[in-house]
Each structure stands twice: as C-alpha cells, then as structure tokens.
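Letters A, B, ... are given to chains in the order of the sequence lines, protein chains preceding strands, and every chain is numbered from 1. On a predicted model such as this, the values are computed, not experimentally measured, just so you know.
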Amino acid sequence: SQQGEEDPQALSIQEGENATMNCSYKTSINNLQWYRQNSGRGLVHLILIRSNEREKHSGRLRVTLDTSKKSSSLLITASRAADTASYFCATGGTGANNLFFGTGTRLTVIP
Amino acid sequence: GAGVSQSPSNKVTEKGKDVELRCDPISGHTALYWYRQSLGQGLEFLIYFQGNSAPDKSGLPSDRFSAERTGGSVSTLTIQRTQQEDSAVYLCASSPLKGVGSPLHFGNGTRLTVT
C-alpha cells in the first residue's frame, strides 16, 4: 500500500512546546502534503512539499522530506491550545489520481 | 468564497436501505474526490472525477457503491442496500487542478450510521 503512516499515533504536550510528527511511506512520490482535522470537521490543507524539496516553512510549521528514507516530519513550534487536532500526511505519486492518507497523529496541546 | 458543501451532515438509515450523499464542490474546481473515514482511522479513497474524463472508480469497495457527477459540478455518492460496515464519515474534496499536484479542499463530511 502507498498509505503513509504517522508516528506517534497520539501526542500530548504543554502549550508553548514544540510538536514533532513523523510520516513514513512506501512508494515513490511526486509530493507529500500535511493536513489538519479538527473533531467533526473536514481536513484542512497545511503545506505541500514536492519530491525535489527538502524543507519548507509556513508560519509556525516546518516540514522536512527525506526521499531516500521515504519519510517526512511536521514540526509545529510554540504550540497553542488551538493546535489541538489530528494531523495527516498524504502522498501523491506521479500520474496518481488520488492522495493516500495515513491514519493520523492526534495532537493535544494542554493550556 | 464558499467552500465544499456536503449534505446531509448526518444520516441514519436502516440496514438494507439505499442512501444518497451530495457534494457541491468549489465553483471552477475540475477535480472531485470522495473518501471514506471510519472512526479513528485515516481516509480511504473511493472515487475521483476529473472534468469530462471517465472517473477513477478503483477505490469503490463493492458494486453497491456508485457515484455520479452531473455537469462537471455537483456529485452524488449512492450506497445501495446499506450494511452496518458502511457506517463512516464520507468526505468530499475538490481541487482546481488535475491529479494530486495541488491541495484538496474538503467538505465537513456526511456522517452515515447504518442501524
């Protein structure tokens, strides 16, 4: 399966701390995307990194991609209670018609 | 502007009944996706529409599932003779570009419960 796998499954941190989530995948990709899902809502796109990129930043988010290890990490700096959500990585292969989503990391930020 | 709209937001049905789930994508988005999310799980791809091309139905779990997209806009996912294992949240997403080179915009989903 091309499905990504996030690690850890659940993460609980204090407000102000950094949160790191990892994603591993199995096949060659064109790009990797991270999404966030609040309880009972749809997914919201956070950031997209292409296979020829190694690192990307967006506000308090930092994403790295290591295609040799088939892995990516999402770092959220200076976390806030509002960051509490599930975070999913999704991979798209060349010519693929769909994104393959992992099972997500449930992040809880304690005020 | 308006995002992806799905209706109904919740649907409870009896086993064996048919259900229809609706998705209104963002205007102008040519790509439309249906995913299924079981409790605490990731997303399972169901079907993909791109413009007037034949849809990619490779993710549909059985012939009880079908989907249409009329006029390149609104899409309906139909589940016939529902089973309890069909209970899940059904998510629709749209994208302005072909393939997976751009972010997907998701609706809030339809929570289907089959009793």
Check your understanding: Would you say Glu68(B) has more than 12 foreign heavy atoms packed within less than 6.0 Å of its CD?
Key -> no

Point to revise | Toward chain B, the part of Gln37(A) with a non-hydrogen atom under 4.5 Å | key: side chain

Review point. Measuring from Gln33(A):CD to Ser102(B):OG, what's the distance to the nearest 0.5 Å?
Key: 7.5 Å

Check your understanding: Leu43(A) and Phe106(B): which non-hydrogen atoms are nearest, and at how many Å?
Key -> O-CB, 3.3 Å

Exercise for review: Please confirm whether the backbone N or O of Arg41(A) pairs with a side-chain atom of Asn108(B), one donor and one acceptor, at under 3.5 Å?
Suggested key: no

Point to revise | Distance (rounded to the nearest 0.5 Å) between Tyr35(A) OH and Leu43(B) CG | key: 10.0 Å

Practice item. Evaluate whether atom CD of Glu17(A) has more than 12 neighbouring non-hydrogen atoms of other residues, nucleotides or ligands under 6.0 angstrom away. Key: yes

Review point. Do Leu11(A) and Leu46(A) share a hydrophobic cluster, counting only Ile, Leu, Val, Met, Phe, Trp and Tyr and linking them when any side-chain heavy atoms are less than 4.5 Å apart?
Key: yes

Check your understanding: Quick one: are the ring centres of Phe100(A) and Phe45(B) less than 6.0 Å apart?
Key -> no

**Study point:** Heavy-atom proximity to chain A below 4.5 Å, by part of Gln37(B)
**Key:** side chain

Check your understanding: Do other residues, nucleotides or ligands put more than 12 heavy atoms under 6.0 Å from the CG atom of Asn52(A)?
Key -> yes

Check your understanding: Can you tell me if Tyr33(B) uses its side chain to pair, donor with acceptor, with the backbone of Leu99(A) under 3.5 Å?
Key -> no

**Study point:** Within 6.0 angstrom of Arg80(A) CZ, more than 12 heavy atoms from elsewhere
**Key:** no

Review point. Around Gln14(A), counting heavy atoms of other residues, nucleotides and ligands shown, do more than 12 lie under 6.0 Å from its CD?
Key: yes

